[in-house]
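Notes to accompany the following structure.
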Amino acid sequence: MIQAADTIYKNGKIYTVNGQSPWVSCVAIREGRFIYVGNDTDVESFVGPDTKIFDLNQQMAMPGLHDMHIHGLEGAIGRLFHCHFPMTATLSEIVTAVSNFASQNPNEAVIVGGSFHMNLAAQLNKAQLDEICPDRPVFLWDASLHNAWCNSKMLELAGISTETPDPFNGTFVKDDEGELTGLVLETAASAVYQFVPERTADEYAQAVGWLAKTLHEVGVTSIKEPAVHRAIAQAYKTADQTNQLKLRVGLHFLWETPFIYDPNDLEPLVEDRHQYADKHVKVDFLKLFLDGVPVAKTACMLEPYLGDNPDTHDPYALILVDPVLLKEVLIRFDKEGMIVKMHATGDASLRAALDSIEAARNANGDSGLGHEIAHPQNVHPVDLPRFAELGAVPDLCPKLWHPSMGKDTALMAVVGEERLKKSWPIGSYQRSGARMIGGTDWPAMSPSPSSWLGIQTLITRKDPDGHIVEPLGENEAIDLPTALEIFTINGAKAARHEDVCGSIEVGKVADMIVLNQNLFEIEPEQIGKTAVLQTIFEGETVYQRDADSA
């Protein structure tokens with residue numbers, strides 16, 4: 001007996017991301033799941049006396065987006081409680097923003113903010129912050145969230161002086177006179193950030209609500225947090241238990257990292273991670289940092305940076321996890337059923353990541369787990385086919401390379417134009433057979449957690465602002481269906497719920513978004529302007545765009 005639908009959406013152009021039936025005009029939903037996916041005529045048998053029927057008026061609909069690399073709660077905390085300014089801000093604009101925030105928030109014991117662009121690095125000094133905020137610590141992240149700028153009070157709070165030795169893979173920057181400038185790079189930034197007070201549980205709860213609302217507005221229904229500590233895990237768990245979490249969330253717990261969080265709690269947190277699992281919260285994910293970022297010359301590169309001595313170059317001198325230990329880690333956690341995400345922006349660290357996945361396959365057989373390499377912007381041609389061979393997953397954050405990368409003079413100065421043009425070989429990943437996933441890495445290098453601009457530049461390889469005329473590696477462009485798969489079904493596989501969502505099929509949960517334009521009927525350069533008209537999560541409308549702004 002056919003049961004009546006709760007809701008029917010008809011007369012649409014619905015892209016299912018299901019290869020057997022990619023386009024339909026109608027879906028029927030009951031108790032949060034699709035019970036019919038097809039045409040307007042055959043859906044009539046699912047209409048009951050209480051069925052609500054919505055006419056899509058030929059608008060495009062598709063599955064909700066999956067952002068598989070987003071620092072969601074930390075970004076939300078930043079927008080709600082920190083001093084926010086865009087990475088395009090000038091030095092004068094940053095100083096004004098910090099000064100205004102300090103005067104408007106007298107009870108903030110430590111002023112935290114961001115994010116400045118490292119192109120400004122040579123202009124920055126703690127004295128500029130001391131002048132506007134001499135009595136309170138100030139800690140400002142750069143756009144990559146790997147480096148920071150501090151005032152004297154912040155350095156004093158952290159116990160940093162001119163005599164403090166640099167930590168491994170980090171620098172307390174000094175001027176020509178040997179005086180601290182206030183710039184702290186990589187693990188040095190993390191060492192200082194340890195002294196920033198944690199936000200309260202209530203503030204994290206507010207952040208979950210703000211984040212969900214913001215993500216719904218841009219069509220995101222599933223995310224993975226790539227660097228989780230207890231406060232983040234508990235905030236999501238509490239929200240899910242109280243039916244406030246209208247998102248699917250995967251938590252990558254940190255392991256053996258010098259960045260930001262208490263290293264003594266990392267192994268215990270992995271061991272007891274299951275206490276944070278809930279209906280919409282999955283916990284079998286791990287995160288490792290293998291290196292830093294190229295702009296700070298902390299990414300592990302097979303060839304030396306510009307100006308460095310090739311005779312003394314050691315590709316693995318700055319690797320954060322010894323390659324031998326890394327293989328043991330992958331073997332262990334692959335056997336335990338955890339997907340491991342490895343931050344590896346250099347081609348040397350990327351090779352070490354692939355070697356570790358290969359070791360896990362040799363030791364455990366093919367577990368089917370798609371271990372991920374985050375930000376694989378630099379890869380040696382020899383290593384490209386290994387992704388498909390090993391089932392390794394390139395974790396792409398396309399907004400990191402356009403519009404920012406082509407205009408990044410600081411990056412150009414350390415890697416050179418030739419390496420820059422060969423970076424992010426996304427088309428090559430596709431041709432090799434690798435299954436790619438995508439994320440925004442928001443708030444790093446990204447003013448918004450919207451994926452649409454990233455999807456656009458995956459297809460165009462062009463600077464959407466038009467400041468750079470030449471595409472960045474035009475042969476590395478991919479087509480629209482592939483780009484949409486990256487942010488839908490591939491993301492669902494990476495989040496370990498491809499049987500639940502990621503495509504519009506009978507039996508899957510009704511996660512769907514309605515768009516203001518048909519992505520297949522417009523020029524690719526217009527995709528970044530896409531607006532979401534409606535976001536549906538498990539059959540419930542969680543976002544509806546106002547008619548005035550539609």
Side-chain angles (χ1 to χ4, degrees), residues 64-84 86 112-115 141 143 145 198-254 260-261 276-283 285 287 397 399 437-454 487 491-492 494-495 497 501 511 513 531-532 534-538 540-545:
L65 299 179
H66 289 60
D67 188 326
M68 295 292 95
H69 196 126
I70 178 172
H71 302 272
L73 280 198
E74 296 294 5
I77 289 286
R79 289 299 177 90
L80 290 175
F81 306 113
H82 293 166
C83 175
H84 172 70
V112 180
S115 51
W141 283 113
L145 301 183
E198 182 64 87
R199 308 308 301 200
T200 66
D202 180 64
E203 288 170 332
Y204 268 106
Q206 293 179 55
V208 173
W210 184 93
L211 177 66
K213 177 178 181 295
T214 301
L215 292 176
H216 293 154
E217 291 175 359
V218 294
V220 174
T221 55
S222 173
I223 66 172
K224 283 209 295 184
E225 286 266 8
V228 173
H229 56 83
R230 290 188 186 275
I232 290 176
Q234 186 59 58
Y236 281 122
K237 170 72 176 287
T238 299
D240 208 12
Q241 287 181 318
T242 56
N243 200 33
Q244 301 299 307
L245 186 64
K246 307 297 183 179
L247 290 169
R248 291 176 219 293
V249 180
L251 303 180
H252 279 272
F253 294 96
L254 286 166
I260 302 177
Y261 309 118
Y276 298 106
D278 212 270
K279 179 182 179 182
H280 297 115
V281 181
K282 287 185 177 287
V283 297
F285 306 98
K287 173 68 179 292
C397 292
K399 285 203 295 186
I437 60 175
T440 58
D441 204 21
W442 183 80
M445 302 295 290
S446 177
S448 163
S450 171
S451 300
W452 298 110
L453 189 63
F487 280 90
H497 47 219
C501 59
D511 293 355
I513 57 178
V532 175
Q534 186 178 9
T535 299
I536 300 155
F537 181 78
E538 295 182 348
E540 174 188 352
T541 295
V542 292
Y543 170 70
Q544 183 79 51
R545 190 173 176 86

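Note that the structure is a prediction, hence the values are computed from the model and not measured.
- Note: W210 and W442 have parallel aromatic rings, judged against thresholds of 30 and 60 degrees for the angle between ring planes.
- Partner R248 forms a side-chain hydrogen bond (donor to acceptor under 3.5 Å, both in side chains) with one of D511, T221, D240 and no other, that one being D511.
- When side chains are defined from C-beta on, D278 counts as touching Q241, because their heavy atoms get closer than 4.5 Å.
- In plain terms, the two heavy atoms of A235 and L73 that are nearest each other are CB-CD1, 3.7 Å.
- Within the model, atoms NE2 of H69 and CG of D441 stand 4.0 Å from one another, a figure rounded to the nearest 0.5 Å.
- In terms of heavy atoms, K224 sits closest to A494 at NZ-O, 3.1 Å.
- For the side chain to side chain donor-acceptor pair (under 3.5 Å) test, residues two or more places apart in sequence or in another chain that qualify with Q234 are T238.
- Side-chain contact between P443 and L145 is present, with at least one heavy-atom pair separated by less than 4.5 Å.
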Inset, instruction - Go through the steps for L211 and I223 under the test side chain to side chain contact (heavy atoms under 4.5 Å, CB included), then give the verdict. - result: CA-CA 11 Å; L211 177 66; I223 66 172; 4.3 Å; yes
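- Contact detail for G438 and F487: the closest heavy-atom pair is C-CE2, 3.6 Å.
- Taking 4.5 Å as the limit, every side-chain heavy atom of P226 sits out of range of all side-chain heavy atoms of M68.
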Inset, instruction - Show your working on side chain to side chain contact (heavy atoms under 4.5 Å, CB included) between T541 and Q534 and close with a plain yes or no. - result: CA-CA 7 Å; T541 295; Q534 186 178 9; 2.8 Å; yes
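- In this structure, the separation between NE2 on H252 and CD1 on I232 is 12.5 Å, given to the nearest 0.5 Å.
- A salt bridge is absent between E74 and R199: the closest approach of a Lys/Arg side-chain nitrogen to an acidic carboxylate oxygen does not fall below 4.0 angstrom.
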Inset, instruction - Evaluate side chain to side chain contact (heavy atoms under 4.5 Å, CB included) for W452 paired with L65, printing each intermediate quantity in order. - result: CA-CA 10 Å; W452 298 110; L65 299 179; 3.6 Å; yes
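- Considering only heavy atoms from C-beta on, H280 stays 4.5 Å or farther from L247 through its side chain.
- Between A207 and I77, the shortest heavy-atom contact is CB-CD1, 3.9 Å.
- Not counting sequence neighbours, the partners of H84 by the side chain to side chain donor-acceptor pair (under 3.5 Å) test are R79.
- Note: Y543 OH to I536 CD1 = 13.0 Å, rounded to the nearest 0.5 Å.
- A distance of 7.5 Å separates CG of D67 from SG of C397, quoted to the nearest 0.5 Å.
- Between H497 and H66, the ring center distance clears the sub-6.0 Å criterion.
- The nearest pair of heavy atoms linking T440 to S450 is CG2-O, 3.6 Å.
- Panel note: side chain E225, backbone G72; a donor-acceptor pair is recorded below 3.5 Å.
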Inset, instruction - Check step by step if side chain to side chain contact (heavy atoms under 4.5 Å, CB included) holds for F81 and T200. - result: CA-CA 11 Å; F81 306 113; T200 66; over 6 Å; no
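- For T535, there are no side chain to side chain donor-acceptor pair (under 3.5 Å) partners at least two apart in sequence or on another chain.
- Taking every heavy atom of both residues into account, Y204 and A231 meet most closely at CE1-CB, 3.6 Å.
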